[in-house]
Number of protein chains: 2
Amino acid sequence: MSTSSRSRIAVNGYGVIGKRVADAVTQQNDMDLAGVSDVSADWRARMVTQKGYRLFGATDEHVRTMQNAGLDVAGALDDLLETADVVVDCTPKHVAAKNVELYRQKGIKFIVQGGEKHEVTGHSFVAEASYASAVGRDSTRVVSCNTTSMVRTLAALKHAGLLRRARGTLMRRATDPWESHLGGIMNTLAPEPEIPSHQGPDAQSVDPELDVVTMAVKVPETLAHLHYWAVQLTRPAEKDEVLDAFRTSPRIALIQMADGLTAINSVKELMADLGRPHDNLYEVALWSDMLKVEGDELFYAYMVDNQAIVIPETVDAIRALIGQVRDPHESIAKTNAALGIGAIFDALGGR
Amino acid sequence: MSTSSRSRIAVNGYGVIGKRVADAVTQQNDMDLAGVSDVSADWRARMVTQKGYRLFGATDEHVRTMQNAGLDVAGALDDLLETADVVVDCTPKHVAAKNVELYRQKGIKFIVQGGEKHEVTGHSFVAEASYASAVGRDSTRVVSCNTTSMVRTLAALKHAGLLRRARGTLMRRATDPWESHLGGIMNTLAPEPEIPSHQGPDAQSVDPELDVVTMAVKVPETLAHLHYWAVQLTRPAEKDEVLDAFRTSPRIALIQMADGLTAINSVKELMADLGRPHDNLYEVALWSDMLKVEGDELFYAYMVDNQAIVIPETVDAIRALIGQVRDPHESIAKTNAALGIGAIFDALGGR
């Protein structure tokens, strides 16, 4: 743990998540970005130094390649880890599992992403569900975008005493916008071969009490995921009770079809209009006018920005590991204020 | 009713459905195509005469436009209706409602498509569920592609005594392939504003006993719809019992991910390889290896070719109205044999 009041954070891997984590860390008043480590020596690495962040190579060889490309390199990952209190591993899926040995050897606290198995850290993190059990730990795993959205929404229903069981269909964006030219799918739908899909059990890694089953399908778009849910409530309820339950989470944004937000691209455009970096939608954007309660059944749909939703969770996870902020709500409020979460409600005329 | 053993069928509207109905009628050994009426005088009308079908203009004005375009026109819709026993209305949504008055005036039996309201004919048709109640009627309505698929599959579960209630998420193709240059959506997902979507109540117009709720979303592809279902069974069941229930319908094709049919485009390619006209998938294509039973809950997904699934139903609806074939299974078997339904199972090595 840092002895200063500001924690020093290393980001290992400057991809879709790493770049957003680095930016978000610099927006906090209790953290500093120690630096960023990566393997690329092209435009992506150049953006690290352009932003004034310290750039490190994953290995000495990467350092040399970066230097040959004319990049200003501060050292290798090993050096970066010496100067940081927590490292956020944002390397591609399954790569982090190999880095963990290095982190343990260095005695640095670490966070892995949802692509890694729960067992890698033994703790899975969503701020509103498992911050308390992460306080002071050596490591945690910020679960995937889909799982984060599920835990946020289902935890809100659970805390209101309304959740019996949830069955969801997940439309997954095919690939990320920045690499659409490298893959993706066109004019088709590709079901995940297994039912249930892995997201249900993954949500249970955060809250084992959740009775949840998911099915998933890859769709030919790049903007965001879209989830449809059929939920069995514990009792018949009114629509307002359900909306009130969702309103207890500051990271669930209630949006409306009637407000012109009729598709996921219009929600992204709203994020751009709000001036958010990368048009990030940090919230679960849930359509309140589409939501329907029939007796003891609840039906709703929401949008998940797979590139952005885990960013506030990651900031909270850092704070939990550092251990100076023990109250989940305090950390969540700090993060939200720093990232402008809540501004969407102002923009839409309140909740 | 026709006094000959072969019925004479008129098709009014030569679009996505009309062209397929016309072709399917000519493949039956108890029907003749009296002719096709349309409003276009371009390549679409030319295909009617090219195929050797008699072409009629919707009005005298359309007849003149067609003649000016050098088309060989047999007369106007009025003339066509004089020579037919049944007219299948395949005009665009809500246009048929206006044609109905003409059909009644001419005393001709008629079929409308699923875009019209149930009240237009007072009877909604899916062969495996409501053929018997259509026998000898003056008119019926062949329900939409989505509804047809739902009734086929849910009726199979119901007949096996397994269905308690069904909750489904429907991914709807954005537009048809032939008119993708005129509209559609790109790189987004557009939820239908209302939950439940209209398909659930529509299925109840065929079988009021069905306990079904649907949610729908438009997706950026043109090939087919894809449905995901979470079904509450009447009791815990084995997977084989459920598959056996689906196998009782000759219009449900069990396909497998493990057989390489991993997305909707590969299923369409199989239809092309089978030599089907327009690559038509007349069946509900349901993934048997993806299907999951957990206690008294059932989860599965299937594909619906919105351009083709109602074609065999329409042929059966014609036969039901004519009234010579009173046994649903006899008509279904005749239609299936004529259209090659069943060949998919041979192609895939049996059921």
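Both backbone and side-chain heavy atoms feed into the values below; hydrogens, waters and symmetry mates do not. Since we're looking at a predicted model, the values are computed, not measured. Letters A, B, ... mirror the listed sequences (proteins, then strands); counts begin at 1.
- Between chain A and the options B/A230, B/S180, B/P196, heavy-atom pairs under 4.5 Å are most frequent for B/P196.
- Rounding to the nearest 0.5 angstrom, the gap separating the CG atom in A/L261 from the CD atom in A/E269 is 11.0 Å.
- Residue B/Y302 forms a side-chain contact (heavy atoms from CB on, under 4.5 Å) with just one option from B/H225, B/R152, B/M150, and that option is B/M150.
- Residue contact with chain A, scored on non-hydrogen atoms closer than 4.5 Å, is absent for B/Q256.
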- Task: Start with the C-alpha distance between B/K19 and B/R44, add both sets of side-chain angles, then the distance that settles side-chain contact (heavy atoms from CB on, under 4.5 Å), and finish with yes or no.
- Result: CA-CA 9 Å; B/K19 68 173 78 170; B/R44 292 168 291 181; 5.8 Å; no

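- The closest donor-acceptor contact from the side chain of B/E179 to the backbone of B/D176 lies at 3.5 Å or more, if one exists at all.
- Contact of B/T262 with chain A is made through the backbone alone, with heavy-atom distances under 4.5 Å.
- Annotation: side chain of A/F246 is in contact with side chain of A/L157 (closest heavy-atom distance under 4.5 Å).
- Residue with the most contacts toward chain B among A/R173, A/E192, A/M257: A/M257 (heavy-atom pairs, distance under 4.5 Å).
- Within the structure, every pair that satisfies the side-chain hydrogen bond (donor to acceptor under 3.5 Å, both in side chains) test and touches residues 210-219 of chain A, not counting sequence neighbours, is listed here: A/R167-A/D211, A/S197-A/T214.
- Top candidate by heavy-atom pairs under 4.5 Å with chain B, chosen from A/P191, A/G168, A/P193, A/P220, is A/P191.
- Ranked by heavy-atom pairs under 4.5 Å with chain A, the list B/T222, B/I195, B/V213 is led by B/I195.
- Of the two parts of A/V217, the backbone and the side chain both hold a non-hydrogen atom closer than 4.5 Å to a non-hydrogen atom of chain B.
- With values rounded to the nearest 0.5 angstrom, B/K93 atom NZ is found 9.0 Å from B/K117 atom NZ.
- The interface of residues 277-292 of chain A with chain B, defined by heavy-atom distances below 4.5 Å, comprises A/W287, A/M290, A/K292.
- Every residue two or more places apart in sequence or in another chain that forms a side chain to side chain contact (heavy atoms under 4.5 Å, CB included) with A/K158 is listed here: A/L163, A/D207, A/E209, A/L210.
- Among B/V219, B/I185, B/L226, the residue making the largest number of heavy-atom pairs under 4.5 Å with chain A is B/L226.
- Looking at residues two or more places apart in sequence or on another chain, you find a salt bridge (Lys or Arg N to Asp or Glu O under 4.0 Å) between A/R165 and B/E297.
- Remark: aromatic rings of A/Y228 and B/Y228 are distant, center separation not under 6.0 Å.
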